[in-house]
Amino acid sequence: WGFSFEGRTFGGCASSPVRNEVVSLPRALDEAGFEFRLPTDLPAGFVLSEVRLLDVYPHHVFLIYEGSSGRLGLYQFLVGVISEERPSENVAVVESREVGVLTDGTVDEVRVGSTLAALIDGERLVWEQDGISFHLIGPGLEAETLVQIAESLLPAKMLEPH
């Protein structure tokens, strides 16, 4: 499967049918399969324009924000070992996800809070935290702005009105 945003391609391989679907934020909260994050500090004028679920369950979540100065993408998914048991159906699934970023761009080390992150070509921030891999893509935004957005991420369920 594959998905492109601002000249960057995301994809993977799966033996099961994969999902590539634009959904509402409430539906993504119900169906993603993990507690994905939303930014609480965005540049002025940026609003959420698209939520996309990708890959097999638990899904990858791709959030797109648009503003007068461009677009911002936040791609996130669980990493490590994921297991699911459904005793009533005699199903036990164990899946391992690993992250690899291939680039011929310039990579600088920065910090997102206390976590080490890679800043690629000054416009793509990549890091892992709490078992989630994050890719924040913001062409035209300053590195400091990307870090500020990254540090503002909170679990989406905390931010949604009840």
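Basis for what follows: all heavy atoms, side chains included, without hydrogens, waters or symmetry-related copies.
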Does [X] reach the side chain of [Y], with side-chain heavy atoms less than 4.5 Å apart?
X      : Y      : answer
Glu128 : Thr115 : no
Leu125 : Ile149 : no
Arg52  : Val23  : no
Gln76  : Leu63  : yes
Val147 : Leu136 : no
Ile132 : Leu78  : yes

Rounded to the nearest 0.5 Å, how far apart are [atom1] of [X] and [atom2] of [Y]?
X      : Y      : atom1 : atom2 : value
Glu123 : Thr106 : CD    : OG1   : 10.5 Å
Leu53  : Phe77  : CG    : CZ    : 14.5 Å
Glu31  : Tyr57  : CD    : OH    : 9.5 Å
Leu54  : Arg19  : CG    : CZ    : 9.5 Å

Exercise for the section: Identify whether Val22 and Phe62 are in the same connected component of the hydrophobic contact network (ILVMFWY, side-chain heavy atoms under 4.5 Å). Expected result: no
Show me, pair by pair, the donor-acceptor contacts under 3.5 angstrom made by side chains of residues 35-46, not counting sequence neighbours?
residue	atom	partner	partner atom	Å
Arg37	NH1	Glu35	O	2.3
Thr40	OG1	Ser152	O	2.9
Asp41	OD2	Gln148	NE2	2.6

Q | Derivation of the side chain to side chain contact (heavy atoms under 4.5 Å, CB included) call for Val61 and Phe34 | A | CA-CA 10 Å; Val61 177; Phe34 73 103; 3.9 Å; yes
Inset, instruction - Please indicate whether Glu142 has more than 12 foreign heavy atoms, meaning atoms of other residues, nucleotides or ligands, lying under 6.0 Å from its CD. - result: no
Exam field: side chain Glu151 to backbone Gly113, donor-acceptor pair closer than 3.5 Å:
yes
Residues passing the side chain to side chain donor-acceptor pair (under 3.5 Å) test with Glu66, sequence neighbours excluded, are Ser49
Taking every heavy atom of Leu72 against every heavy atom of Gly138, the minimum-distance pair comes out as CD1-CA, 3.8 Å
Nearest heavy-atom contact between Leu146 and Gly122 is CD1-O, 4.1 Å
Between Tyr75 and His60, how do the two ring planes meet: parallel, tilted or perpendicular, split at 30° and 60°? tilted
Go through the steps to decide whether Leu153 and Val112 satisfy the test side chain to side chain contact (heavy atoms under 4.5 Å, CB included), and finish with yes or no. CA-CA 10 Å; Leu153 295 180; Val112 173; over 6 Å; no
